[in-house]
K.L.:
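Here's a structure for you.
In the text below, chain A, chain B and the rest are named by the order of the sequence lines, each starting its count at 1.
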There are 2 protein chains.
Amino acid sequence: MEEQSTASNGLQESGRDEPQGREVVATSEAEAHKYDASKYERPSVTVDVVMMSLRQKDLQVLLVKRRSWPYEGMWAIPGGFVNIDESLEDAAKRELQEETQVENVYLEQLYTFGEPGRDPRTRVITVVYFALLDSERLQVKAASDAVDVDWFPVYDLPPLAFDHQQILEYTLNRLRGKLEYTTIAFNLLSEQFTLRELQRVYEIILHKKLDKRNFRKKILSTGILEDTGAKKMEGTHRPARLYRFNPAAEHEL
Amino acid sequence: MEEQSTASNGLQESGRDEPQGREVVATSEAEAHKYDASKYERPSVTVDVVMMSLRQKDLQVLLVKRRSWPYEGMWAIPGGFVNIDESLEDAAKRELQEETQVENVYLEQLYTFGEPGRDPRTRVITVVYFALLDSERLQVKAASDAVDVDWFPVYDLPPLAFDHQQILEYTLNRLRGKLEYTTIAFNLLSEQFTLRELQRVYEIILHKKLDKRNFRKKILSTGILEDTGAKKMEGTHRPARLYRFNPAAEHEL
DNA sequence: GGAATAGTGTCTCTAAGACAATATGTA
DNA sequence: TACATATTGTCTTAGAGACACTATTCC
């Protein structure tokens with residue numbers, strides 16, 4: 001809460017305390033000279049992308065193994081620099097592409113972490129995005145991956161680099177919260193799915209059992225599902241109806 | 001979505017695509033030398049703070065008038081650079097202090113805006129915070145303010161600089177959303193308040209009338225209010241009970 | 001007693017949750 | 001027919017919303 005000079009970094013975005021003036025009104029020519037000489041460092045900005053998917057009846061997250069200091073050998077959330085002419089979301093999409101080759105996935109900005117000490121190398125502010133991938137499309141790529149990229153169950157994580165554990169906890173909470181009042185969960189399933197599969201998604205993320213009858217009643221009453229007419233048989237028992245998400249319906253639960 | 005070298009920016013936060021190994025071991029000294037040659041520009045990072053308060057039965061936002069290009073003379077959300085050794089939240093608190101002299105207010109990180117073209121001067125990524133101030137404490141300061149800082153009703157805003165209109169719309173939506181399931185609204189009132197005053201806060205923010213009986217029933221049933229025993233008389237009619245927020249109660253509605 | 005706002009109770013309807021029996025496919 | 005999962009309905013309870021009259025203070 002102490003007073004510090006915002007001006008000192010040489011450029012001021014908003015209205016007041018205009019820092020320096022290489023912009024007309026002179027409020028601060030002096031300052032400009034004084035500060036633009038990169039005497040005052042700028043933080044680095046990265047985008048990290050938490051990619052989650054349902055694999056082997058587990059909610060899993062994609063991590064990459066660090067190859068150098070700091071946290072060498074530890075696992076981390078994939079991320080990278082924001083290019084100077086690239087939007088934050090584009091940077092996140094690029095990161096997603098690099099790791100998964102999958103396009104058109106659910107992507108949401110989560111939170112920005114910027115504690116001064118979070119990266120021992122330098123000041124790094126990271127804008128964290130959150131992506132949900134359906135396992136169907138993902139399977140293909142999975143095998144071809146390098147050894148230093150892998151999926152981990154979110155409830156059984158290795159030690160993580162930086163503040164990445166905290167970031168994953170944050171992500172999981174957000175996911176749980178949104179599960180209740182949005183259709184975010186559908187992004188984890190392929191185009192057609194059974195109600196049982198959908199229920200499993202909820203159970204895995206909320207980490208508790210749900211009543212089958214109540215769950216079906218609730219989902220079906222919203223009208224967000226469309227019966228495809230097809231059925232899915234697996235094992236030696238009655239086949240289940242296949243549904244598809246009806247995007248015409250409002251995206252709320 | 002195209003592949004671009006994240007490495008090219010000289011420092012990679014997360015696990016993979018390690019931008020080449022100058023990291024080895026050496027602390028960041030080497031890095032600093034090699035990459036800070038600003039061959040690759042870094043975006044600037046600012047923190048903007050949307051400060052809202054209830055004034056004259058209106059939800060108002062604090063804006064500052066720009067004194068120079070770009071958007072000279074237009075109003076903007078107050079903000080400033082993040083100092084290199086300062087957390088994002090500290091930067092927001094500092095900004096808040098500079099504008100209002102008020103401490104201990106509700107402060108929340110909202111969203112990070114970073115479209116490449118949003119500031120014509122250079123690439124600026126801004127982390128937006130959101131503060132709610134109670135008008136009581138604010139009154140004092142109000143008068144002593146400079147002319148280039150002022151409060152505006154959120155439903156009747158002047159033209160705004162940068163993408164600040166979009167930011168305010170985003171803020172208002174978030175506020176409305178949180179109103180329903182959190183006690184965020186209490187931050188706009190002083191320590192003691194009547195139920196009618198609380199209802200007005202909801203009505204102003206949601207922009208619709210609420211039923212008095214249902215509102216009172218709902219609020220009182222949660223147990224988040226404590227009767228102070230005191231009453232508030234104004235005008236020539238029955239005085240109203242004064243309540244206080246009970247922080248012991250869970251912060252949910 | 002008039003003016004003005006504070007304070008209060010009932011009914012209906014919807015949604016959530018607890019709970020168990022029948023239906024349909026395969027081998 | 002045995003097995004395994006899919007599918008379905010009822011009851012209770014809690015909360016939301018519609019709705020109108022009485023209470024208290026000042027003058």
K.L.:
Measure from CG on B:L195 to C1' on C:dT5 and round the result to the nearest Å.
P.N.:
13 Å
K.L.:
NZ of A:K218 versus C1' of D:dT7: gap in Å, rounded?
P.N.:
20 Å
K.L.:
Please tabulate, for the side chains in residues 232-242 of chain B, all donor-acceptor contacts under 3.5 angstrom to protein atoms that are two or more places apart in sequence or on a different chain.
P.N.:
| unit_1 | atom_1 | unit_2 | atom_2 | d |
| --- | --- | --- | --- | --- |
| B:K232 | NZ | B:E197 | OE2 | 2.5 |
| B:H237 | NE2 | B:E234 | O | 2.6 |
| B:R241 | NE | B:D227 | OD2 | 2.6 |

K.L.:
May I have the distance from B:F215 (atom CZ) to D:dG15 (atom P), rounded to whole angstrom?
P.N.:
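Rounded to whole Å, this separation is 17 Å.
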K.L.:
Roughly, in whole Å, what's the span from OH in A:Y181 to P in C:dA16?
P.N.:
16 Å
K.L.:
Between D:dA6 atom P and A:I219 atom CD1, what is the distance in whole Å?
P.N.:
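Interatomic distance, CD1 of A:I219 to P of D:dA6: 16 Å.
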K.L.:
Both B:E234 and B:L220 contact DNA chain C. Which one's nearest nucleotide lies toward the 5' end?
P.N.:
B:E234
K.L.:
Walk along nucleotides 19-27 of chain D from 5' to 3' and tag each nucleotide B, S or - by protein heavy-atom contact under 4.0 Å, base first, then sugar-phosphate.
P.N.:
BB--BBBB-
K.L.:
Using atom CG of B:L225 as one end and atom P of C:dG7 as the other, report the distance to the nearest whole Å.
P.N.:
12 Å
K.L.:
Restricting to side chain to side chain donor-acceptor pair (under 3.5 Å), what partner residues turn up for B:E180, sequence neighbours left out?
P.N.:
none
K.L.:
For the pair made of NZ in A:K232 and C1' in D:dA4, what is the distance, rounded to whole Å?
P.N.:
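Rounded to the whole Å, the gap is 16 Å.
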K.L.:
Looking only at side-chain N and O atoms, does A:T112 offer a donor or acceptor that is under 3.5 Å from a partner on B:T112?
P.N.:
yes
K.L.:
Side-chain atoms of residues 200-210 of chain B: list all donor-acceptor pairs with protein atoms under 3.5 Å, sequence neighbours left out, distances to 0.1 Å.
P.N.:
| unit_1 | atom_1 | unit_2 | atom_2 | d |
| --- | --- | --- | --- | --- |
| B:E203 | OE2 | B:Q199 | NE2 | 3.0 |
| B:E203 | OE2 | B:L210 | N | 2.9 |

K.L.:
According to side chain to side chain contact (heavy atoms under 4.5 Å, CB included), who are the partners of A:Y106, at least two apart in sequence or on a separate chain?
P.N.:
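With sequence neighbours excluded, A:Y106 shows a side chain to side chain contact (heavy atoms under 4.5 Å, CB included) to A:E108, A:L132, A:K178, A:I184, A:N187, given in chain and number order.
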K.L.:
Suppose we screen for side chain to side chain contact (heavy atoms under 4.5 Å, CB included). Which residues come up paired with A:E191, at least two apart in sequence or across chains?
P.N.:
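A:E191 satisfies side chain to side chain contact (heavy atoms under 4.5 Å, CB included) with A:R244 only.
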K.L.:
By the 4.0 Å heavy-atom rule, please label A:R241 as base, sugar-phosphate, or nothing.
P.N.:
sugar-phosphate
K.L.:
Counting any heavy atom closer than 4.0 Å, what does B:R216 reach on the DNA or RNA strands: base, sugar-phosphate only, or nothing?
P.N.:
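Base contact - B:R216 has a heavy atom under 4.0 Å of at least one base atom.
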